Amino acid sequence: MSVSMTGSGEIATPVESSKSAMTWGPIFGGAAAAIGVTLILLLLGSGVGLTMVSPWSGQSSSLGTVGVTAAIWLVVVQWLSSGLGGYITGRLRTKWAAVHTDEVFFRDTAHGFISWALATIFVAGFLASSLTSLAGAGAQAVGSAATAAGSAASSTASAADLPTAYFTDALLRPEQARAGATSDDAAGTAEVSRILLNGAAAGQIPDDDKAYLATIVSARTGLSEADARTRVDTVLKRIDDAKVAAQKAADEARKAASTTALLGALSLLIGAFIAAAAAAFGGSQRDEEEDLIVTSRI
């Protein structure tokens, strides 16, 4: 505390308020209003979004359209809720007496920012909880599917891992593959599956495996060796196309996730600014009219 001396010898001591510059009531009130508006708008957006998706072919909007619409709506929700919450925070606070206008402006913006932060944390926790529940349900479904797939695969595959089984097949591959392929359908199908899985893991299928697959196909279907080889090449081409399509879809999903994250961060920053500005605007409206107490002279 600084003390100054006046010209007449009097001591001037600065006045300091004993009250805190932060008022939690308006902060919680603005945060509650922002949370309520956010949840209402999210439910409204979910209802509108469900009308854009249909299980029937040709009656649903494209994934790009749905994604862009959802991103734009989330931005609108963030800005509207932030503006309302900040404005309510600024209007509900008590007028600070004997405080410089610059300090009042700073306190108003700080109150709006804190209100926005509380609302954002709550909504983020709510969304994270919802996504965790959905992920748990999805993981349970995937686990059930994996159990069923494992039970079905146990009848056609050995208990050994795939690389060991594949190389074992290569070592024990009969010279007369045609006779072996027609004598045991289950074993032939399992061996073809292991060859395809090993090729998918390695990125390509060796020429000797292609020739062996053509021999098995010829024995099982009655096609000539040339036609069987053509069928094998056609199926392998379809497998490669499916792999490329899956990689392209994964890359598009990565780009979409990156764009969504960047757009979300930018939206949050703008939402924080809107909340602070709205609180300052609400505070200025709150302080426009002064309440004066009239006392009579004695």
Side-chain angles (χ1 to χ4, degrees), residues 17 19-53 65-97 99 101-136 256-289:
S17 175
K19 296 182 180 180
S20 173
M22 182 177 296
T23 307
W24 284 104
I27 292 176
F28 284 122
I35 292 170
V37 172
T38 299
L39 295 179
I40 292 174
L41 293 178
L42 285 178
L43 290 176
L44 178 62
S46 299
V48 175
L50 289 176
T51 62
M52 302 175 61
V53 181
T65 301
V66 174
V68 171
T69 304
I72 294 176
W73 182 249
L74 289 178
V75 172
V76 172
V77 169
Q78 169 66 211
W79 293 358
L80 288 179
S81 60
S82 299
L84 178 63
Y87 180 78
I88 291 179
T89 300
R91 287 300 299 267
L92 291 181
R93 59 104 176 146
T94 304
K95 181 179 179 180
W96 291 297
V99 178
T101 55
D102 292 340
E103 180 65 19
V104 172
F105 178 79
F106 172 78
R107 292 183 183 183
D108 281 332
T109 55
H111 278 63
F113 177 79
I114 296 173
S115 175
W116 166 86
L118 288 177
T120 302
I121 292 172
F122 179 86
V123 174
F126 173 78
L127 293 178
S129 177
S130 301
L131 292 177
T132 301
S133 301
L134 292 176
S258 175
T259 302
T260 302
L262 294 175
L263 183 62
L266 181 61
S267 174
L268 289 176
L269 288 176
I270 297 178
F273 174 79
I274 291 176
F281 177 70
S284 65
Q285 286 189 334
R286 171 66 177 81
D287 295 340
E288 282 181 356
E289 297 183 2

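This is a predicted model, so every value here is computed, not measured.
One distance of note links CD1 of I274 with CZ of F113; it measures 14.0 Å at 0.5 Å rounding. In this structure, the separation between CD1 on I114 and CZ on F28 is 10.0 Å, given to the nearest 0.5 Å. With rounding to the nearest 0.5 Å, the separation of OH in Y87 from CZ in R286 is 11.5 Å. Between the CG atom of L263 and the CD1 atom of I270 there is a distance of 8.5 Å, given to the nearest 0.5 Å. Separating the OG1 atom in T38 from the CZ atom in F122 is a distance of 10.0 Å, to the nearest 0.5 Å.
L84 has its side chain within reach of I88: a pair of non-hydrogen atoms, C-beta onward, lies under 4.5 Å apart. In this structure, the side chains of L266 and L262 stay at 4.5 Å or more apart for every pair of heavy atoms. Between L74 and L42 the shortest side-chain heavy-atom distance falls below 4.5 Å. Side-chain contact between D108 and F281: absent, with no pair of heavy atoms (C-beta onward) separated by less than 4.5 Å. Annotation: side chain of W73 is in contact with side chain of V77 (closest heavy-atom distance under 4.5 Å).
Judged by distance alone, with hydrogens and angles left aside, the side-chain atoms of S115 form a donor-acceptor pair with the main-chain N or O of A31 at under 3.5 Å. Judged purely by atom type and a 3.5 angstrom limit, H111 has no side-chain atom pairing as donor or acceptor with the backbone of A279.
Between T89 and G30, the closest heavy-atom pair is OG1-CA, 3.3 Å. In terms of heavy atoms, G271 sits closest to S82 at O-CB, 3.2 Å.
In this structure, a donor-acceptor pair under 3.5 Å is present between the side chains of Q78 and W116.
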Does the side chain to side chain contact (heavy atoms under 4.5 Å, CB included) test come out yes or no for F105 and T101, once each step is laid out?
CA-CA 6 Å; F105 178 79; T101 55; over 6 Å; no
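Other residues, nucleotides and ligands contribute only 12 or fewer heavy atoms inside 6.0 Å of the CH2 atom of W79.
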